[in-house]
Amino acid sequence: MSKVRVRFAPSPTGGLHLGGVRTVLFNYLFAKHHGGDFIVRVEDTDQTRWVAGAEEYIFDCLKWCGLEPDESVLHGGDFAPYRQSERKAIYRQYADQLIEAGHAYYAFDTSEELEKMREELKAKGSHSLQYDQAIRMGMNNSLRLLPEETAALLAAGTPYVVRIKMPANEFVSFTDMIRGELSFDTNTVDDKVLLKADGMPTYHLAVVVDDFLMKISHAFRGEEWLPSAPVHILLWKYLFGLDAMPAWAHLPLILKPDGNGKLSKRDGDRLGFPVYAMDWTDPKTSEITKGFKEIGFMPQAFVNLLAVLGWNDGSQQELFSIEELIEKFSMEKVHKGGAKFDYEKAKWFNHEWIKKSAAPDLLSLVKKVMESNQLSISNDDYLLTVIELVKERCTLLTDFYEQGKFFFEAPVNWDLPSVQPKWDAGKKSFFESFAQALQTVEIWDVASIENTFKALATEHNIKVGELQMIFRVMLVGSKMGPGVFVIAQAIGREDSIARVQKALQHF
RNA sequence: GCCGCGUUGGUCAAGGGGUUAAGACGCCUCCCUUUCACGGAGGAAUCACGGGUUCGAAUCCCGUACGUGGUACCA
């Protein structure tokens, strides 16, 4: 087998959807598993849908995910250009070739005429509203027109498109790596537009031409492309021969969690979770759509959760590093059916990744979180200690602020409702003595602080438990966080004493 | 409407003729911790339906239902 080469072909029309990232991921994993190349080709043939900044944003997302292409607009490569708008001239000759061979034709129908045609079909109660063999001889195209008429129209500069001429009574079949043998009746497929009036190819032509020219060995895309697969297969047959055609796999869709249909950005807004990989700002409306990155996901977790949405290796393993995924991934194990996205499970993956990450690997990420909350970090070693102490209770990276801020700042208000019912003169006197005792603790560590605390409690004849809760609220402000004595040790002697004394004035 | 694809607990899923039908998320109970998590022990909950084939179907076949995608000079 020749070298494995796969491509992801986004169109720069907006934010990068989770389903898009998963398509990237499956492409990437397959390529790397087989020692092949991963190519990103920008499909910007629709100028009306082009959005400023979208292309750059897509590459930023891939970078964040760690799924870097071997070849692309950004990375270069032997098959440049990688932007279809820059390849415009290439497609025309293949369209001409198809026309000459009788596999395609010129169509001069205006959009009004097309609309009228569909209206009429509908009125007649037709089952199909397609531009197909049933109606094409009644339309304004080179199939019906005399050659002279066509030539005259072309000479006059009449706008036209090129359509594929779907053959009658044929079955187009191919093997899908996920679904197996698939077969389509050409009678049910329409004469798709190949070249638009502006001279740009549609997806149908461009994907076939570029996959050939770029020596793509395996073509993976979403399930929504299945119905037009016969068009692509036929184009391969007419243009380059079926032997050169890449192997296909149509990936299952990612569905909305609650009801029906493909997951969309709207569902995220509605249900309160991100759908895009990173924050996306609409250049027209300046509206920001939240991304997984900014919400607090680790890229490893994001990649992990996407990988197991529609794929698993048959074992019970759920946590995979990218290296393990590359090793274990196989297209045959990808499911046929779509999967509903479950944000709760997504968060669980992130939680697991935070727990299993070593503090130094979390350092810069957590530092950013702290700093974006106006908490400046001057001591990395101290932050490392804090990370180690609180990471198991952080589901999102952004949780590190709530879970860790009291290590840096004394509380300004306290959970008084929990303290006051238990607060009395005896407790007050205990803490006064305790603050003093802390001055003289010789070695400032957990055991010494705890021993001092407990000995003093016994002396004052008060139950240790109640005292501990109050001590916690003094240090933290609320009933949360790691062990109290661990916190005391971490924040240090001066700070611990100061917090107790300050609390004493407010309780 | 027409064409295609799909269907194992609420969700992700293993299992591809004989299983008490794994596991995970979430939920509930308990233990640990006089905090919150982590961790641990339990629990409720599933093969869409109807026909075949077979000694035996979650597994194979056919229907039906439901879901979903396409049906653009969008990708």
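Letters go in sequence order (proteins before strands), and every chain restarts at 1.
With rounding to the nearest 0.5 Å, the separation of CG in Leu18(A) from OH in Tyr276(A) is 11.0 Å.
Residues Tyr203(A) and His232(A) meet the side-chain proximity criterion, which asks for heavy atoms closer than 4.5 Å. Looking at heavy atoms from C-beta onward, Phe431(A) lies out of side-chain contact with Phe507(A) at the 4.5 angstrom threshold. Phe406(A) places none of its side-chain heavy atoms less than 4.5 Å from the side chain of Phe408(A).
Checking the phosphate oxygens (OP1, OP2) of C73(B), no side-chain nitrogen or oxygen of His204(A) falls inside 4.0 Å. When the side-chain nitrogen and oxygen atoms of Arg118(A) are compared with OP1 and OP2 of U71(B), none of them lie within a distance under 4.0 Å. For the pair Lys355(A) and G39(B), the criterion of a side-chain N or O lying under 4.0 Å from OP1 or OP2 is met. Within the structure, every side-chain polar atom (N or O) of Lys192(A) is placed at least 4.0 Å from both OP1 and OP2 of C74(B). Checking the phosphate oxygens (OP1, OP2) of A14(B), a side-chain nitrogen or oxygen of Asn312(A) falls inside 4.0 Å. At the phosphate of C74(B), OP1 or OP2 sits under 4.0 Å from a side-chain N or O atom of Lys196(A). OP1 or OP2 of A75(B) has at least one side-chain nitrogen or oxygen of Thr45(A) nearer than 4.0 Å. Checking the phosphate oxygens (OP1, OP2) of C3(B), no side-chain nitrogen or oxygen of His127(A) falls inside 4.0 Å. OP1 or OP2 of C73(B) sits under 4.0 Å from a side-chain N or O of Arg163(A). Side-chain nitrogen and oxygen atoms of Lys336(A) include none within less than 4.0 Å of the OP1 or OP2 phosphate oxygen of G4(B). Contact annotation: Gln130(A) side-chain N/O to U71(B) OP1/OP2 distance is not under 4.0 Å.
Nucleic acid contact for Val308(A): sugar-phosphate only, since backbone atoms but no base atoms lie under 4.0 Å from a heavy atom of the residue. Across all strands, Ala339(A) comes closer than 4.0 Å only to sugar-phosphate atoms, never to a base (heavy-atom distances). At the heavy-atom level, Thr188(A) lies under 4.0 Å from the strands shown only through sugar-phosphate atoms. Note on Val161(A): a base of the nucleic acid sits closer than 4.0 angstrom, heavy atoms only. Counting non-hydrogen atoms under 4.0 angstrom, Gly310(A) reaches the backbone sugars and phosphates but no base. Using a 4.0 Å heavy-atom criterion, one finds that Lys347(A) contacts no nucleic acid atom at all. When heavy atoms are screened at a 4.0 angstrom cut-off, Gly481(A) is found touching base atoms of the nucleic acid.
Pairing analysis of RNA chain B (Watson-Crick: purine N1 to pyrimidine N3 plus N6-O4 or O6-N4; G-U wobble: N1-O2 and O6-N3; both under 3.5 Å) yields stems of 3 or more pairs at B:1-7 with B:65-71, B:10-12 with B:23-25, B:27-31 with B:39-43, B:48-52 with B:60-64.
Among A75(B), A13(B), G4(B), the nucleotide with an atom closest to any side-chain atom of Leu226(A) is G4(B). In the set G70(B), A24(B), G23(B), G70(B) carries the atom at the smallest distance from any side-chain atom of Glu224(A). You'll find that the side chain of Trp348(A) is closest to C25(B), out of C25(B), A37(B), U35(B). You'll find that the side chain of Thr202(A) is closest to C73(B), out of G4(B), C73(B), C5(B).
Taking atom C1' on both nucleotides, U54(B) is separated from C61(B) by 12 Å, rounded to a whole Å.
Along RNA chain B, the nucleotide nearest Thr48(A) and the nucleotide nearest Ser183(A) are compared for position; the residue whose nucleotide lies closer to the 5' end is Ser183(A).
Between the side chains of Asn140(A) and Tyr160(A), no donor N or O sits under 3.5 Å from an acceptor N or O.
Put simply, CG on Asp185(A) is 21 Å from P on G70(B), counting in whole angstrom units.
A salt bridge links Glu352(A) with Lys355(A): the distance from a Lys NZ or Arg NE/NH1/NH2 to an Asp or Glu carboxylate oxygen falls below 4.0 Å. In this structure, Glu86(A) pairs ionically with Arg83(A), as a charged nitrogen and a carboxylate oxygen lie closer than 4.0 Å. Comment: Arg118(A) does not engage Glu115(A) in a salt bridge, judged by the lack of any side-chain N to carboxylate O separation of less than 4.0 angstrom.
Ring orientation note: the planes of Phe341(A) and Tyr343(A) are tilted relative to one another, at an angle of 30° to 60°.
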